[in-house]
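Comments concern the structure below.
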2 protein chains.
Amino acid sequence: MSGRVPAASGGLPDKRRAISEAARRVFGREGYARASLDVIADEARVAKRTIYNHYTDKEHLFLSVAVEGADAVTEAVRVLMERHLRKIVDLEEDLTAFCLDRARAVTEFPEHFALVRTIHAEVTRLPAPVLETWMAHGPPSAHQRLAPYLQKIADRQLLRFDDAEKAANRLNTLTMNDVLIRSFYGAVPLPESVVEEIITEGVQAFLRLYAPLPDTHDEQV
Amino acid sequence: MSGRVPAASGGLPDKRRAISEAARRVFGREGYARASLDVIADEARVAKRTIYNHYTDKEHLFLSVAVEGADAVTEAVRVLMERHLRKIVDLEEDLTAFCLDRARAVTEFPEHFALVRTIHAEVTRLPAPVLETWMAHGPPSAHQRLAPYLQKIADRQLLRFDDAEKAANRLNTLTMNDVLIRSFYGAVPLPESVVEEIITEGVQAFLRLYAPLPDTHDEQV
DNA sequence: CAGCGGTTGCACTCATCAGTGCAGCAACCC
DNA sequence: GGGTTGCTGCACTGATGAGTGCAACCGCTG
């Protein structure tokens, strides 16, 4: 149908992309075991045989798609950090805006979080190196990138802590993780108002723990 | 092989128990789709046909097992609350001990948390009423039971908050949820020392947020 | 034009698995 | 003893799905 261009790893790039997008949808919708390569081929408007020209295996296809998705989300989060945390105007406002946008990513990448749930379910059957790849590209990697931003904020005396990594993890715990767990990792979306409440109060708690002037914030949460 | 006794819902109770235990193991090990009723029958030392005498369906079997497991864990948590939170001697010590025991449940009920991961993966394909049943029996229910204990503690002026439910959720977030997420819901067990660190610091943060006398605890976390 | 890399569609193998049907058997109750 | 309930083992159906083989085809490049 389309022709040539020496593809990166065999096969035409547009076909490859069509396959990987269809695979993301189908794996997200059906889970790993239920997802059928016939269905993926149909949705990608591609012959099933072509899939095997690009990927050796159902398993390889799944992992490739998972890592791509993780990279996309990590990159999206990086952009959010740049936008909200590069220049701090009002710390509470900026943190809240950042965490809110971050939490909204859960509803904006539904197929990806479906994949995350599937990976959780399959984790015990995953070979160790694959699991390490996932950890390097997945959510934990996005978490790590937060620490340097907090460190810079602390350098400006707007926060106080010993360990930036731990503080970053605290912020994640108090905001993102709460949203993730209560929404079943995005499977049962929370009303926007609930998300706002969780994030707002989470950030407030974070500031009460790490802001250098405890009396500038309300005592009650 | 064994004989009679008019069972509760058809079938001999010991057979039913053997089936449900084997099902818990196999579902936990293989996930829903991969788990085969033939294997469950073998592990339960029971004819496959017998499973269908007790449960109408693979799906019913799975859900029944999941709810049983959830009830067992909820009950275990209730016992822990009674043991650690009924009489408070030293609040920080007691909370830490409770949360630590609670976190250890993750490694003590590995098949159950494997089931939880499977449910997360299947959640979008679950009928709404089933999902509600799960929410009523599963982790969220265990969470709710914490609030009254915290309320009693607050009545004794050892804690201060407006909303016991929210405070309970905070404690869960700062301790349990952190352990759950970082261990992939128990799939990749954390070293005991890491768990201790998470819990200890989580409880300290909780107390800094909710203890009535802020200056009795370290400022630094 | 010839050759090549990539795609297509289809038929096919092989395996797995949910769920059923049935005949026989074991223990219990009356 | 006779009737009942439940378990067993086995064979069977029907469906689904991973992965392969192959012949034809398409569009580019040289």
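Chain identifiers are assigned alphabetically (A, B, ...) following the order of the sequence lines, protein sequences preceding nucleic acid strands; residue numbering begins at 1 within each chain.
Between A/L61 and A/F27, some side-chain heavy-atom pair lies under the 4.5 Å cut-off. With a 4.5 Å cut-off on side-chain heavy atoms, A/V188 and B/T124 do not count as touching. No side-chain heavy atom of B/D178 sits under 4.5 Å from any side-chain heavy atom of B/T173. Counting heavy atoms from C-beta outward, B/Y55 and B/T50 have side chains that stay 4.5 Å or more apart. Considering only heavy atoms from C-beta on, B/E201 stays 4.5 Å or farther from B/F206 through its side chain. Counting heavy atoms from C-beta outward, B/H84 and B/D101 have side chains that approach closer than 4.5 Å.
Residue-to-nucleotide proximity on DNA chain D shows that, of B/R45 and A/E59, the 5′-proximal contact is made by B/R45.
Residues from residues 22-44 of chain A with heavy atoms under 4.0 angstrom of DNA chain C: there are none.
The interatomic distance linking A/R16 (CZ) with C/dG5 (P) rounds to 18 Å, in whole Å. If you measure from atom CG of B/L61 to atom P of C/dC17, you get 15 Å, rounded to the nearest angstrom. Spacing between atom OH of A/Y55 and atom P of D/dG19 amounts to 15 Å, rounded to whole angstrom units. Nucleotide C/dA26 holds its P atom 15 Å from the CG atom of B/L12, rounded to whole Å. Remark: P of D/dG21 and CG of A/N53 are 13 Å apart, rounded to the nearest angstrom.
Classified by interplanar angle (parallel below 30°, tilted 30° to 60°, perpendicular above 60°), the ring pair B/W134/B/H112 is tilted. The aromatic rings of A/Y210 and A/F161 lie perpendicular to each other, with more than 60° between the two planes, well past the 30° mark.
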Could you write out each protein N or O paired with an N or O of nucleotides 20-25 of chain C at a distance under 3.5 Å?
residue	atom	partner	partner atom	Å
C/dG21	N7	B/R49	NE	3.0
C/dG21	O6	B/R49	NE	3.4

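Checking C/dT8, D/dG6, C/dG19 against every side-chain atom of B/D57, the shortest atom distance belongs to C/dG19. When distances are taken from the side chain of B/K15 to each of D/dC7, D/dA18, C/dT7, the shortest belongs to D/dC7.
Distances shorter than 4.0 Å separate some side-chain N or O of A/T50 from OP1 or OP2 on C/dT8. Contact between the side-chain N/O atoms of A/H54 and the OP1/OP2 oxygens of C/dT7 is found at a separation under 4.0 Å.
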Original post:
Checking side-chain contact (heavy atoms from CB on, under 4.5 Å) for the pair A/L180/A/F113: CA distance, chi angles, key distance, verdict?
Top reply: CA-CA 10 Å; A/L180 282 178; A/F113 282 89; 3.9 Å; yes
